[in-house]
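Chain naming here is simple, since letters A, B, ... match the order of the sequence lines and numbering starts at 1 in each.
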Amino acid sequence: MTDASKPQGSRPEARNPRGFIDRRARDLVAERQILAAVSAVYERYGFEPLDSPAFEYADALGKFLPDADRPNEGVFALQDDPDADGNGQWMALRYDLTAPLARFAAQNWETLPKPFRRYAFGPVWRNEKPGPGRYREFVQCDADTVGSARPEADAEIIAMAAEGLEAAGVPAGGAILKINNRKLLNGLMASAGVTDEGQKLAVLRAVDKLDRLGPDGVRLLLGEGRKDESGAFTKGAGLGGGAAERVLAFTAAGAGRGDTLGQLSNVIGGSVEGDEGLAELEAIDRALVSLGVGADRAVFDPSVVRGLEYYTGAVFEAELLLGTTDERGQPVRFGSVGGGGRYDDLIARFTGERVPATGFSFGVSRLAAALRAAGRDAAVELRGPVVIIAFDEARMADYFAVAGELRAAGVPAEVYLGSSGMRAQMKYADRRLSPAAVIIGGDEFAAGTATVKDLDLGRALSAGVTDNAAWRTDRPGQVTVPRAELVATIREILDAQALAPAP
RNA sequence: GCCGCCUUAGCUCAGUUGGUUAGAGCGCCAGAUUGUGGAUCUGGAGGUCCUCCGUUCAAUCCGGAGAGGCGGUACCA
């Protein structure tokens, strides 16, 4: 085996790049169903589809602009057409669908109908450390309204997101949209004397961890800092005790609708920006009520932060409440499957003109994985084609004719194209989860017949069979019919299987 | 980025206190069965023991460095 046919050490290892995965039929069918269902909902709301390139010039993507020192920080970037000095335009794979939308809207602003409503889906790439269920390439689906400052635009996005998740297969009560407004926390921090941008960020980060660390952990992070179990120390926001308690009181204002608004107005009190945020949430509440979205589907939750600078007003997050378990039966918290909010400054980066915008995006693969883990993907069932056994070299033309007839009748079919014997061919059909196999050998040709084997019937019967000889001679589910009745016979088998539970 | 654990067959893992030919289960291939899936039995293929350097008569095993994987943490557009 150490001969020339196997040069040692010179073979590439067949493996995926770190953080990238192959997705097979099962995953793809599930994702396609989700996208089809969600697209239909979004279009019903008047959103038009848009596709944009995988690459954008790096400056258009915004703050993750690669530079000479760290060209790959966060994004996958390359230099387009570099000259002799290595100078070229930096371009990068998009890391979300919102930045490309901002570029597109700015570029076509003069001719777009405004407000502009579009949805988009496709892969996005992030050059960062992968984690469990977290990859460097994944499919996102995003919907935005550009050019409307009305809180109703936010409410409609929220309502549409809720409806979209249900259409994708999340059962009623399986997810909740949590809504907050950046202006509330900004107002609160302003009245507490927090003006430093770095300190503001630290406060946001601390609040974001409320669900994981609890109020005590967040209190530490708002103050001096916190040391976790592994001994790593996270520097805190450096807030004084009074200010920290005010922030905590704010985040504790409950997750409801009208009652939460009342509590928030007590805690916020005073600042102009805070009052503005409160008024926006009240308007969103009214719109949600008229859109038929109750507190069972969307609530106000002051602990929702959603990322950093970018958002300027309302923010929302979709949390999955479905009970899910992993392969070992351990419960898994999927948590957030999507989020969004109002970003009024993103397009101004290009045009200098402030354009209000709001949107929501979710991870399609992640949602599919969550639905699978929750056992909600039963509708996705992969059946193989009808397999025509390649019995006789000289008769291949006849086999292809059978395949053609079946395909013309709308039945997925294929002629076995390997070189193995019949046993292996049957095994192949079984493994493909084929509904039926067609056997036309010398006997059938002589008699002008075809033998059709109902593989599901055999699958069902095989459980009770212990003797191989009997299993073979019984030939379960097998019928021989005149060649002319072949397609009709298979049709009957398929119709019968459609009524039976999946094998 | 930081911390910890791990790396032996396609997969899950044994094992060798450093010594001739490194094992199991599952999976795969074939036969028992000229033309039939599951089960069973029999046989077979499949390994640079992650890589490099060092120590040694001798390294899959000991030491060092590196790579890759997993988990936590930080970041998350």
May I ask you to say what [X] touches in the nucleic acid, namely base, sugar-phosphate or nothing, with a heavy-atom cut-off under 4.0 Å?
{"X": "A:Lys209", "result": "sugar-phosphate"}
{"X": "A:Arg134", "result": "base"}
{"X": "A:Asp208", "result": "nothing"}

Check your understanding: Under the side chain to side chain contact (heavy atoms under 4.5 Å, CB included) test, which residues partner A:Ser52, sequence neighbours left out?
Key ->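 Side chain to side chain contact (heavy atoms under 4.5 Å, CB included) list for A:Ser52, sorted by chain: A:Glu56, A:Arg94, A:Pro100, A:Arg103.
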**Study point:** Those residues that, when tested against A:Glu485, pass side chain to side chain contact (heavy atoms under 4.5 Å, CB included) (two or more places apart)
**Key:** A:Val481, A:Pro482, A:Thr489
With rounding to the closest Å, how many angstrom separate the [atom1] atoms on [N] and [M]?
{"N": "B:rC70", "M": "B:rC13", "atom1": "P", "answer": "13 Å"}
{"N": "B:rG47", "M": "B:rA65", "atom1": "C1'", "answer": "25 Å"}
{"N": "B:rA24", "M": "B:rA9", "atom1": "P", "answer": "14 Å"}
{"N": "B:rG63", "M": "B:rG69", "atom1": "C1'", "answer": "23 Å"}
{"N": "B:rU8", "M": "B:rC61", "atom1": "C1'", "answer": "11 Å"}
{"N": "B:rU48", "M": "B:rA39", "atom1": "P", "answer": "30 Å"}
{"N": "B:rU17", "M": "B:rA22", "atom1": "P", "answer": "15 Å"}
{"N": "B:rU16", "M": "B:rU73", "atom1": "P", "answer": "36 Å"}

Round to a whole Å and report the spacing from [atom1] of [X] to [atom2] of [N].
{"X": "A:Arg432", "N": "B:rU36", "atom1": "CZ", "atom2": "P", "answer": "22 Å"}
{"X": "A:Asp456", "N": "B:rU36", "atom1": "CG", "atom2": "P", "answer": "21 Å"}
{"X": "A:Arg212", "N": "B:rU73", "atom1": "CZ", "atom2": "P", "answer": "5 Å"}

Review point. Is there a donor and acceptor pair, one atom on the side chain of A:Lys129 and one on the base of B:rG72, closer than 3.5 Å?
Key: yes
Practice item. Report the residue (A:Arg18 or A:Glu128) whose heavy-atom-nearest nucleotide on RNA chain B is the more 5′ of the two. Key: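 Looking at RNA chain B, the more 5' nearest nucleotide goes with A:Arg18.
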Review point. How do A:Ser434 and A:Gly19 order along RNA chain B: which one's closest nucleotide is nearer the 5' end?
Key: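 By nearest-heavy-atom nucleotide position, the 5'-most residue is A:Ser434.
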Review point. Considering residues at least two apart in sequence or located in another chain, which fulfil the salt bridge (charged side-chain N to carboxylate O under 4.0 Å, His left out) criterion with A:Asp51?
Key: none
Review point. When you check the side-chain N and O atoms of A:Glu128 and A:Tyr95, is any donor under 3.5 Å from an acceptor?
Key: no
Check your understanding: Do A:Thr312 and A:Asp345 get their side chains close enough for a donor-acceptor pair, meaning under 3.5 Å?
Key -> no
Check your understanding: Are any of A:Arg205's side-chain N or O atoms less than 4.0 Å away from OP1 or OP2 of B:rC75?
Key -> yes
Exercise for review: Please state whether the phosphate of B:rU36, meaning OP1 or OP2, lies under 4.0 angstrom from any side-chain nitrogen or oxygen of A:Arg459.
Suggested key: no
Between protein and nucleotides 41-44 of chain B, what N or O pairs are separated by less than 3.5 Å?
none

**Study point:** Strand RNA chain B in bracket notation, Watson-Crick/G-U under 3.5 Å with | for pairs to another chain
**Key:** (((((((..((((.....[...)))).(((((.......))))).....(((((..]....))))))))))))....
Review point. Tell me, for nucleotides 28-35 of chain B in 5' to 3' order, what letter each nucleotide earns: B for a base near a protein heavy atom under 4.0 Å, S for only sugar-phosphate near one, - for neither?
Key: SS---B-B
Check your understanding: Is A:Arg395 positioned over the aromatic face of A:Phe445, cation under 6.0 angstrom from the ring centre and no more than 45 degrees off axis?
Key -> yes
